[in-house]
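Structure first, then comments.
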Amino acid sequence: MTFTLATWNINSVRLREGLVARVMEEETPDVLCLQECKSPVEKIPLEIFAGLGYRHWVARGQKGYNGVAIFSKLPMEEVGAHDFARLGHARHVAARLENGVTIHNVYAPAGGDVPDREANVKFGQKLDFFTHMREHFGAERPRREILVGDLNIAPREDDVWSHKQLLKVVSHTPIEVEHFEAAREAGGWVDVTRADIPRGNLYSWWSYRAPDWNAADKGRRLDHIWASGDIAAAAHSSRILRDARGWEKPSDHVPVFASFDL
DNA sequence: ATGGTAGACTTTCTA
């Protein structure tokens, strides 16, 4: 079978339930992973999404911050949630499809403004989150697993609008990229988006603060789709829905897609 | 060197 998966930091699932519905209706991914739902699970508009065919869901939520959810047209069962940096935040949930493929939905900490763990506790927590992911997925190498989400790091020079100007900006500092790559390599994860689209600038996020996001195009690729090494060759048709950044009352992130023949 | 916008829920935090 072929299934299509999308990941999107929605920045409030309740405020943007109409945009979620639009992606469900127009793009029809089989599985849609959301981050930053900013809602307790019981206040997520589950009925609306079920009415569009997304009858299966798993979620972790908290009031006002964080929150992750997976909506699926395909049957799936929850297979747990981790608190990688032991912050008590809703930043991970996982589910397994009937074909045995497990999907991890991750929202990594943003890390604050100052890229120094002595001066900024949040930056240390971000690095620790990736260290914990490295330890977790390095202990038992994932098989038939997919990891998606807002990882809040743009690892490559062509994942940001200016490598040089962002070297000291949280999301693109060398120490973050080291932690990100160590976590990826420990799990044997393949960056599906970049395996599919190896060259050229790719962005999935544009700041709300920049005027004229489209013309300035000062974006970063913060949202990722990884596949375990055994199934990476089954991935194809990666794309980023840039148009969504121009919708009315948009999220600052846009959906990232990949399809898998499994 | 600084401020810019957005969301939740507060009179401020987080991104």
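Chain identifiers are assigned alphabetically (A, B, ...) following the order of the sequence lines, protein sequences preceding nucleic acid strands; residue numbering begins at 1 within each chain.
Heavy atoms of A:R245 sit nowhere under 4.0 angstrom from any nucleic acid atom.
On the P atoms, B:dG4 is 25 Å away from B:dC9, given to the nearest whole Å. Spacing of C1' atoms, B:dA15 relative to B:dG3, comes out at 15 Å, to the nearest Å. Comparing the same atom, P, in B:dT14 and in B:dT10 gives a spacing of 14 Å after rounding to whole Å. One C1' atom belongs to B:dA1, the other to B:dT11, and the distance between them is 28 Å to the nearest Å.
Under the 6.0 Å cut-off for aromatic ring centres, A:H92 and A:F84 qualify, their centroids lying closer than that.
In summary, A:R91 and A:D150 do not engage in a salt bridge, as defined by a charged side-chain N under 4.0 Å from a carboxylate O. A salt bridge links A:D191 with A:R221: the distance from a Lys NZ or Arg NE/NH1/NH2 to an Asp or Glu carboxylate oxygen falls below 4.0 Å. Remark: A:D159 engages A:R194 in a salt bridge, criterion side-chain N to carboxylate O under 4.0 Å.
Among residues two or more places apart in sequence or in another chain, the salt bridge (Lys or Arg N to Asp or Glu O under 4.0 Å) test is passed with A:E98 by none. A:H179 meets the ring-ring contact (aromatic ring centres under 6.0 Å, His included) test with no other residue; sequence neighbours excluded.
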Using distance only, find each side-chain donor-acceptor pair of residues 166-175 of chain A under 3.5 Å and give its atom names and separation, not counting sequence neighbours.
residue: A:S171; atom: OG; partner: A:R220; partner atom: NH1; Å: 3.1
residue: A:H172; atom: ND1; partner: A:A154; partner atom: O; Å: 2.7
residue: A:H172; atom: NE2; partner: A:H163; partner atom: ND1; Å: 2.8
residue: A:T173; atom: OG1; partner: A:E176; partner atom: N; Å: 3.4
residue: A:T173; atom: OG1; partner: A:E176; partner atom: OE1; Å: 2.6

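Residue A:A210 is the one, among A:A210 and A:P40, whose nearest nucleotide of DNA chain B lies closer to the 5' end (criterion: closest heavy atom). Nearest-nucleotide positions on DNA chain B place A:K63 closer to the 5' end than the other of A:K63 and A:Y107.
Cluster partners of A:L46 are A:W8, A:I10, A:V13, A:L19, A:V20, A:V23, A:M24, A:L32, A:L34, A:V41, A:I44, A:I48, A:F49, A:L52, A:Y54, A:W57, A:F71, A:L241, A:W247, A:F257, counting Ile, Leu, Val, Met, Phe, Trp and Tyr whose side-chain heavy atoms approach within less than 4.5 Å, directly or via other members.
With a cutoff of under 4.0 Å to any heavy atom of chain A, the contacted region of DNA chain B is bounded 5' to 3' by B:dG4 to B:dA15.
Annotation: proximity of residues 152-161 of chain A to DNA chain B (heavy atom, distance under 4.0 Å) is found for no residue.
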